[in-house]
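Written below as structure tokens is the structure these notes are about.
Chain naming here is simple, since letters A, B, ... match the order of the sequence lines and numbering starts at 1 in each. Given the structure is predicted, the values throughout are model-derived calculations rather than measurements.
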There are 2 protein chains.
Amino acid sequence: MPPEKNQTQGEGYLAVRTVIELTRTMDLLEDLLARHFAHFNLSQPKFNALMELYYAGEEGLPLSELGQRMLVSRANITGLVDRLERDGLVVRVVDPKDRRVIRAQITPRAVQLIHGVLPLHMDLLKRATSSLNIEEKETLIRLLVKLQQGLDKL
Amino acid sequence: MPPEKNQTQGEGYLAVRTVIELTRTMDLLEDLLARHFAHFNLSQPKFNALMELYYAGEEGLPLSELGQRMLVSRANITGLVDRLERDGLVVRVVDPKDRRVIRAQITPRAVQLIHGVLPLHMDLLKRATSSLNIEEKETLIRLLVKLQQGLDKL
DNA sequence: TTTAATATATTTACAATTAAAGTACAGAAT
DNA sequence: ATTCTGTACTTTAATTGTAAATATATTAAA
């Protein structure tokens, strides 16, 4: 086999390996987080939505705003808020100033839930990344951000 | 604020940042791949399944085997193979030796499709990771594998 | 002011995934 | 030969996501 061919294959190999290892890592991570959230009848999307509403405060957020912050389509926000409302973690309130707008607000019960879950969640993330030392985490973050910048352009 | 508290927060910060950047990177990557596959009426799961069957050869694979290789539950393999069969890319064949077993086999049309898609797919992966040089890709892969090893233990 | 364009949310249809329950078949033990 | 156990696949219900069509409310333009 000619060496140029080898180089080309090597280049492709690293590209494929990069994507494969990224995928494997996220699969493991998502699995871990899903198992963690399941203990509280939560999921990653539910948790993310609750965190947004938690930091948004009393007035909550319009569904459209919540959707944009979560990078999720409007159609799905409807369903997600449906489920959170069914669980008693969120209420829908019509905005009096613009009756097209429906705001999602967090309930006291959800605030209590978040206060219970958040410390455990932080612990889990620390444990999940504990196989890397501080320098390695910083390097990983730097490389991921650089990779993202390349991906953004495509 | 006492310095120990600061350190603890910094530690948590790096853990959270690591997870966030991993998530963002995969989001961008999945989006890119989804758009690419959509040109061929494919998706990442469909493509993965076809690749497994492509390398499995004439006899194809039992659905259970295909499911294990794709790390997907058996229930979903049924649906995924349904869709691939509907697209004319796969056929189901009952194994004569064990009639519990159904093998999925790739069709000539799918082989043709793969031959068309594969070079473009490789190009895309190379472009997707082109913002990192060879050394950076190797470092990223090494750190991801190390992170996976830690995640496996949880 | 009526009309046109825009924004918000929902509905519907589909893809992908999991979990749990059910069905069919194979192999082993009695 | 029958029964038990395990394996393979399917079915159903639920969650999460996208896209397209629709209803309603607002805003801008004619």
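Between B:Ile102 and A:Gln44, the residue anchored nearer the 5' end of DNA chain D, judged by the nucleotide with its closest heavy atom, is B:Ile102. Mapped onto DNA chain D by nearest heavy atom, A:Leu80 and A:Asp98 fall at different nucleotides, with A:Leu80 at the one closer to the 5' end.
At whole-Å resolution of the value, CG in B:Asp95 and P in C:dG27 are 11 Å apart. Here the P atom of nucleotide C:dA13 and the CG atom of A:Asn76 are 17 Å apart, to the nearest Å. B:Arg100 places its CZ atom 6 Å from the P atom of C:dG27, with the value rounded to the nearest Å. Between B:Asn48 atom CG and C:dT17 atom C1' the separation is 14 Å, expressed in whole Å. In this structure, B:Glu65 places its CD atom 15 Å from C1' of D:dC9, rounding to the nearest Å. Taking atom CD of residue B:Glu30 and atom P of nucleotide C:dT17, one finds them 10 Å apart after rounding to whole Å. For the pair A:Asp27 CG and C:dA16 P, the interatomic distance rounds to 16 Å; values are reported in whole Å. Atom CG of B:Asn41 and atom P of C:dC14 are 14 Å apart (whole Å).
Among the heavy atoms of the strands lying under 4.0 Å from B:Arg74 is at least one base atom, whether or not backbone atoms are also near. Nucleic acid contact for B:Ser73: base, since at least one base atom lies under 4.0 Å from a heavy atom of the residue. Counting non-hydrogen atoms under 4.0 angstrom, B:Arg86 reaches the backbone sugars and phosphates but no base.
For the atom pair CD1 (A:Ile102) and CG (A:Asp95), the distance works out to 10.0 Å, reported to the nearest 0.5 Å.
Side-chain nitrogen and oxygen atoms of B:Ser43 include at least one within less than 4.0 Å of the OP1 or OP2 phosphate oxygen of C:dA16. Under 4.0 angstrom from either OP1 or OP2 of D:dT10 there lies at least one side-chain N or O belonging to B:Arg92. For the OP1/OP2 pair of C:dA16 and a distance below 4.0 Å, the side-chain nitrogens and oxygens of B:Arg83 include at least one atom meeting the criterion. Distances shown here put a side-chain N or O of A:Arg99 below 4.0 Å from the OP1 or OP2 atom of D:dT26. Phosphate contact (OP1/OP2 of C:dA9, side-chain N/O of A:Ser64, threshold under 4.0 Å): present.
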Decide side chain to side chain donor-acceptor pair (under 3.5 Å) for B:Glu52 and B:Asn48; before the verdict, give the C-alpha distance in whole Å, the side-chain angles of both, and the deciding distance to 0.1 Å. CA-CA 6 Å; B:Glu52 289 292 344; B:Asn48 289 347; over 6 Å; no
I would like to know whether B:Glu21 and A:Gln148 meet side chain to side chain donor-acceptor pair (under 3.5 Å); could you show each step before the answer? CA-CA 9 Å; B:Glu21 299 310 337; A:Gln148 286 169 38; 2.9 Å; yes
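Taking the six-membered ring where the residue is Trp, B:His36 and B:His121 present parallel rings, their angle staying beneath 30° rather than reaching 60°.
B:Gln68 places no side-chain N or O within 3.5 Å of a backbone atom of B:Glu65 that could act as its donor or acceptor partner.
In the set D:dC9, C:dT10, C:dA16, the nucleotide with an atom closest to the side chain of B:Lys46 is C:dA16.
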